[in-house]
There are 2 protein chains.
Amino acid sequence: MRYSRQNKILDIINTHEVETQEKLVSLLKKSGYRVTQATISRDIKELQLVKTLSPSGKYKYTVGTNVDQPISDRYVKIFKETIQTVAYSGNIIVVKTLHGCANAACEAIDNLNFPNVVGSIAGDNTIFLVVNNPDNAPELVNKFNEMIK
Amino acid sequence: MRYSRQNKILDIINTHEVETQEKLVSLLKKSGYRVTQATISRDIKELQLVKTLSPSGKYKYTVGTNVDQPISDRYVKIFKETIQTVAYSGNIIVVKTLHGCANAACEAIDNLNFPNVVGSIAGDNTIFLVVNNPDNAPELVNKFNEMIK
DNA sequence: TTTCAAAATGAATAATTATGAATCAATAAT
DNA sequence: ATTATTGATTCATAATTATTCATTTTGAAA
């Protein structure tokens, strides 16, 4: 449930001022994720979160706005590990993911910038992708299936 | 020595991959600054540096690109505490600062966005500001003197 | 100058974070 | 089914960082 948890972590730090990893552990517990600080430390490393000064003068974790590095490897990885099946009908591609991971997977897809995708929406374990033209759907589905094979 | 040191810290982290505060301590020592990790911790807080992942997978300190907060207080402070005298001749304003602080002060001035200043250059303890029109120099000099009074 | 207040720093330490090693779970290979 | 293999996680702890408290330094006021 790693990606689902990391997604929740992003949620949490966007809505709370999280001063320490221990705080994050207890906030996650409220959402049903039982993990230790060690795991959080690794999640934070992967998500490239940073401890910054909040305006109040306290430290808090935020998403790092790093320009330089190719973060896309990470997206490919999320993509591969969370997506279960891909299908289409007309100009809609339906992507099934692991439970709770649709958001993370959807963001990965967005960031991978596939051609002909004009929009996306994610639920809990399903993503709808809108393709500009129904003709392009099969090719995209093939590409997706290649990636997760 | 504080602002001069912090300026050097910015130098260092832009040219080295500094993994820990202790590393920074020893790099600073090579430049003649003898301080302890405690001081560095405070400098880092003030400079709002963040520990990020470098592409190599190691941690390193970098300047945080924080959008939200009013950092300008800090510039005013640097301005007030490092600038010694202000004078002008024609369209050039000459600012004297504490030894080694011209760069920090100059950056502060840049960020404070004074009107009619078209350019700036900093040495070790002197800054030249180019004003768009000699007529505007006296007013600016007055403003500066007000600020450091 | 002397004195006082405020700021900066260091020493020591508390608090926090990162990581090696062991464990567990899931999956693939035999 | 049994055994490797791999990845994720925890536990324990090392490493790192933040902070408290004491001391020194600095700067201003008398």
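Quick note on labels: first sequence line is chain A, next is B, and so on, each numbered from 1. No hydrogens, no waters, no symmetry mates; every other heavy atom, side chains included, goes into these values.
Here A/R2 pairs with A/E46 under the salt bridge (Lys or Arg N to Asp or Glu O under 4.0 Å) rule; sequence neighbours left out. Contacts of A/D110 classified as side-chain hydrogen bond (donor to acceptor under 3.5 Å, both in side chains), with partners at least two apart in sequence or in another chain: A/S120. Partners of B/N14 under the side-chain contact (heavy atoms from CB on, under 4.5 Å) rule, at least two apart in sequence or in another chain, do not exist in this structure. For A/A108, the side-chain contact (heavy atoms from CB on, under 4.5 Å) partners two or more places apart in sequence, or in a different chain, are A/Y75, A/I78. Checked against side-chain contact (heavy atoms from CB on, under 4.5 Å), B/I92 has the following partners two or more places apart in sequence or in another chain: B/V94, B/F128, B/V130. Under the side-chain hydrogen bond (donor to acceptor under 3.5 Å, both in side chains) criterion, A/N136 pairs with A/N132, sequence neighbours left out. Partners of A/R42 by salt bridge (Lys or Arg N to Asp or Glu O under 4.0 Å), not counting sequence neighbours: none found. For B/Y59, the side-chain contact (heavy atoms from CB on, under 4.5 Å) partners two or more places apart in sequence, or in a different chain, are A/K45, B/K51, B/L53.
Near DNA chain D, meaning a heavy atom under 4.0 Å away, there are no residues from residues 21-30 of chain A. Near DNA chain C, meaning a heavy atom under 4.0 Å from it, residues 34-41 of chain B has B/R34, B/V35, B/T36, B/A38, B/T39 in order of number.
Rounded to whole angstrom, the span from the CZ atom of B/R5 across to the C1' atom of C/dA7 amounts to 12 Å. For the pair A/D43 CG and C/dT19 C1', the interatomic distance rounds to 15 Å; values are reported in whole Å.
At least one side-chain nitrogen or oxygen of A/K45 sits closer than 4.0 Å to the OP1 or OP2 atom of C/dT19. Of the side-chain N and O atoms in A/Y59, none sit less than 4.0 angstrom from OP1 or OP2 of C/dT17.
Along DNA chain D, read 5' to 3', the first and last nucleotides having any atom under 4.0 Å from a heavy atom of chain A are D/dA8 to D/dA18.
No contact: A/Y3 has no heavy atom under 4.0 Å from any strand.
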Legend entry - side-chain contact (heavy atoms from CB on, under 4.5 Å) evaluation trace for A/L49 with A/V63: CA-CA 5 Å; A/L49 302 183; A/V63 300; 3.8 Å; yes
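Taking the six-membered ring for Trp and thresholds of 30 and 60 degrees, A/F79 and A/F114 have ring planes inclined between 30 and 60 degrees apart.
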Mind listing the side-chain donor-acceptor pairs of residues 26-41 of chain B below 3.5 Å, one per line with the distance, residues two or more places apart or on another chain?
from: B/S26; atom 1: OG; to: B/K23; atom 2: O; distance (Å): 2.9
from: B/Y33; atom 1: OH; to: B/S4; atom 2: OG; distance (Å): 2.6
from: B/Q37; atom 1: NE2; to: B/Q21; atom 2: OE1; distance (Å): 2.8

